[in-house]
A.B. asks: 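Questions regarding the structure given below will be posed in turn.
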Amino acid sequence: MPFKTIIEPFRIKEVEPISVTTEENRKVYLREAHYNPFMLKSEHVLIDFLTDSGTSAMSSKQWAAMMEADEAYAGSRSWLKMEAVIKDLTGYEHILPTHQGRAAERILYGYLGGKGKVFISNTHFDTTRANIEFSGAEAIDIPVEESNHPMLDLPFKGNMDVNELERLIKRHGPENIGGVILTVTNNSGGGQPVSMANAKDIKTICNKYKVNYFLDCCRIAENAYFINHREAGYENKTYKQIAQEMFSLADGCVMSAKKDGLVNMGGFLAVKDKALSDACTNLLIITEGFATYGGLSGRSMEAMAVGLQEVFEPDYLKYRIRSTAYLGEKLYKMGIPLIYPIGGHAVYIDAKAFYPQIPVNEYPGQALVCELYLKGGIRSVEIGSVMFGKYDDSGKLIPAPNELVRLAIPRRVYTQSHIEYVIEVFELILEGKEKVKGLRITEEPEFLRHFTAKFERL
Ligand SMILES: *Cc1c(COP(=O)(O)O)cnc(C)c1O
């Protein structure tokens, strides 16, 4: 029977109360947080859409596995279990555990990077870019042209521009390319999927010039869902088979298991090449931990081993992708400008179009983030000029290509009534939107400024 309602394919066995606040309370909390939701206490948040990272609810199977964990320093049974699951999934020979994605990034891109090196991606995620730039290398984003048109209804707006890829490799010289990084799904590019055809084209070019090709595979299960439903030839493959095929194209991957690993903490680096693995293992042992735990407890590795399998279950993925789309499609029908079609893990609102009265140097995305918190206690994040803006030599802002606000949906955490509430908050925000003003930055750090920047209302 094709029912219209897609139910959460789980029932709830343990509950965590959320504290209900008023707009009066939130006015004070937001001022105290300097208008930066990263500085709010989570107990002052009603619906937390700040990130889908590390915020998943774990299953009873994951908790049970954690009780079985082996906390041995070396050669732990839990490590062997996790290693086997990752080898089976990725097909890569060398697996390095890390405490989260950016640790894997720092090790791999720190080793391959440095001054004079260039990395090329569909879009570098913020920590990826920061780790590359911190090494002295340069990070260049080349999303396909379609990604510049938020409302254009196309199936794979997360793709990389392969013609530009070849031009860049020739211009910089293959010997100066630290790596080509395909982010699936394209998180900063709206959570849009990448097609297998694109992943294959990139492989052909990387092979031709002998440059490293890595997947940033945080959301590869969600991406596999889109390929299965949108790309010809994949409708009869399982989600896991699709992911395996994509892994087989690249030389290695970096994963934050806090996304499609369905865990609260964990990550890994996996590569085909032994020499590269050996070099990275040295760095791993110096900074993260011994090669069979890399900063993770045995129980975290158990949870990851189970999570990496559960995430490919068809009922789970259908609920995951369709429930994110449910929120996005409702907002779309209300006339809220957003990235369309809806991506896998989040709804991205086009704040520049939503608040045309706010210039980009007064951060329309940050203004919407503040409104969502004030009116509804919803925490979201700006993905625009606060996150990716730079300054020219005269101190003038070079804005990001888009001013987005991301509502990232934690996995298996919120129910449909939470989502209905969020939709109502948007109805309220639509009413007074002409009067909303922007913000000014009063204090900011050099790297990843969105985490700790302080703002003032204009
Ligand atoms: C989250 C994320 C990372 C970084 O992982 P952490 O676990 O947060 O360190 C890297 N790339 C992408 C695409 C991500 O979404």
Side-chain angles (χ1 to χ4, degrees), residues 38 49-56 86 96-110 113 119-135 139 141 143 147 157-160 179-194 199 214-224 226 243 246-247 250 252-270 284 287-289 294-296 300-301 303-304 307-308 311 320 324 343-346 348 380-381 383 387-388 404 406-411 447-448 450-451:
F38 278 102
F49 285 167
L50 185 68
T51 176
D52 63 322
S53 178
T55 51
S56 302
I86 298 171
L96 286 69
T98 61
H99 78 277
Q100 60 183 93
R102 73 195 68 182
E105 294 177 328
R106 180 181 49 76
I107 289 170
L108 183 63
Y109 305 141
F119 289 80
I120 306 166
S121 177
N122 46 346
T123 309
H124 293 85
F125 182 62
D126 58 352
T127 60
T128 319
R129 170 173 290 278
N131 271 297
I132 288 168
E133 290 177 350
F134 192 73
S135 84
D141 292 337
S147 71
K157 289 163 81 177
N159 283 352
M160 186 186 292
V180 173
I181 305 166
L182 185 62
T183 312
V184 290
T185 56
N186 191 354
N187 185 358
S188 312
Q192 296 292 311
V194 175
F214 301 112
L215 295 182
D216 182 341
C217 65
C218 297
R219 298 178 183 81
I220 194 150
E222 292 172 5
N223 200 82
F226 288 113
M246 196 172 258
F247 280 120
C253 69
V254 163
M255 183 169 194
S256 168
K258 298 168 71 173
K259 286 55 173 260
D260 274 354
L262 295 176
V263 292
N264 302 120
M265 192 53 69
F268 63 86
L269 165 63
L284 179 76
T287 58
E288 285 281 302
L296 291 170
S300 297
M301 295 192 284
M304 200 197 298
L308 284 172
V311 77
R320 170 70 180 158
T324 305
H345 67 294
Y348 291 74
S380 57
V381 67
I383 301 201
M387 192 180 270
F388 291 121
L404 303 174
R406 184 183 75 180
L407 308 174
I409 320 290
R411 293 168 181 79
F447 289 100
L448 296 174
H450 57 286
F451 286 133

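Order of listing sets the numbers, starting from 1, for every ligand and every atom in it. What you see below is based on every heavy atom in this structure, not just the backbone, and it leaves out hydrogens, waters and symmetry mates.
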A.B. asks: Do K157's NZ or CZ and the ring of Y348 fall within the cation-pi criteria of under 6.0 Å and 45°?
C.D. replies: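 Not flagged: K157 not positioned over aromatic ring of Y348.
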A.B. asks: Kindly confirm or rule out an N or O of N187 lying under 3.5 angstrom from an N or O of ligand 1.
C.D. replies: yes
A.B. asks: Of all the non-hydrogen atoms in the protein, which one sits nearest to atom 6 (P) of ligand 1, and at what distance?
C.D. replies: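 Here the closest protein heavy atom is Q100 NE2, 3.3 Å.
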A.B. asks: For T123, which of T128, N186, D141 qualifies under side chain to side chain donor-acceptor pair (under 3.5 Å)?
C.D. replies: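 When side chain to side chain donor-acceptor pair (under 3.5 Å) is applied between T123 and each of T128, N186, D141, only N186 qualifies.
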A.B. asks: Nearest to atom 10 (C) of ligand 1, what protein heavy atom do you find, and at what distance?
C.D. replies: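 Checking every protein heavy atom, the shortest distance to atom 10 (C) of ligand 1 gives E105 OE2, 3.2 Å.
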A.B. asks: Only heavy atoms of D216, strictly under 4.0 Å: list the atoms of ligand 1 that pass.
C.D. replies: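 Near D216, the atoms of ligand 1 are 10 (C), 11 (N), 12 (C), 13 (C).
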A.B. asks: If you count the atoms of ligand 1 from 1 in the order shown, which ones are under 4.0 Å from a heavy atom of T127?
C.D. replies: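 It comes down to these atoms of ligand 1: 3 (C), 4 (C), 10 (C).
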A.B. asks: State whether a side-chain donor-acceptor pair under 3.5 Å links R106 with T287.
C.D. replies: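 There is such a pair (donor and acceptor under 3.5 Å, judged by atom type) between the side chains of R106 and T287.
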A.B. asks: May I ask you to identify, for R102, whether its side chain, its backbone, both or neither come under 4.0 Å of ligand 1 on a heavy-atom basis?
C.D. replies: both
A.B. asks: Using the rule given for side-chain contact (heavy atoms from CB on, under 4.5 Å), can you reason through T324 versus E222, listing the C-alpha separation, both sets of side-chain angles and the distance that settles it, and then say yes or no?
C.D. replies: CA-CA 11 Å; T324 305; E222 292 172 5; over 6 Å; no
A.B. asks: Show the atoms of ligand 1 that are less than 4.0 angstrom away from any heavy atom in C218.
C.D. replies: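 With C218 as reference, the close atoms of ligand 1 come out as 2 (C), 11 (N), 12 (C), 13 (C), 14 (C), 15 (O).
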A.B. asks: Relative to the heavy atoms of K259, which atoms of ligand 1 are at a distance of less than 4.0 Å?
C.D. replies: 1 (C), 2 (C), 3 (C), 5 (O), 14 (C), 15 (O)
A.B. asks: Could you tell me, atom by atom, which parts of ligand 1 come under 4.0 Å of a heavy atom of T183?
C.D. replies: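 Ligand 1 atoms under the 4.0 Å threshold to T183: 13 (C).
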A.B. asks: Compute whether any side-chain donor of one residue and acceptor of the other, for E105 and T127, lie under 3.5 angstrom apart.
C.D. replies: yes
A.B. asks: A quick test of your reading: do over 12 heavy atoms of other residues, nucleotides or ligands sit less than 6.0 Å from CZ of F134?
C.D. replies: no
A.B. asks: Hey, does G267 sit under 4.0 Å from ligand 1 if you only count heavy atoms?
C.D. replies: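 Judged by the 4.0 Å heavy-atom criterion, G267 does not count as contacting ligand 1.
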A.B. asks: Are any of the N/O atoms in G101 less than 3.5 Å from those in ligand 1?
C.D. replies: yes
A.B. asks: Charged N to carboxylate O below 4.0 Å: is that the case for D52 and K259?
C.D. replies: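 Answer for the salt bridge query: no.
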A.B. asks: Please tell me whether H345 and N187 have a donor and an acceptor in their side chains that are separated by less than 3.5 angstrom.
C.D. replies: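 Per modelled atom types, H345 and N187 side chains form a pair under 3.5 Å.
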A.B. asks: Under a 4.0 angstrom heavy-atom cut-off, which atoms of ligand 1 come close to K258?
C.D. replies: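 Numbered from 1, ligand 1 contributes 7 (O).
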A.B. asks: First locate atom CG of D126, then atom CD1 of I383, and finally report the distance between them rounded to the nearest 0.5 Å.
C.D. replies: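 Here the interatomic distance stands at 7.5 Å.
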A.B. asks: Give the atoms of ligand 1, by number and element, whose distance to some non-hydrogen atom of S256 is under 4.0 Å.
C.D. replies: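 Answer, ordered by atom number: 5 (O), 6 (P), 7 (O).
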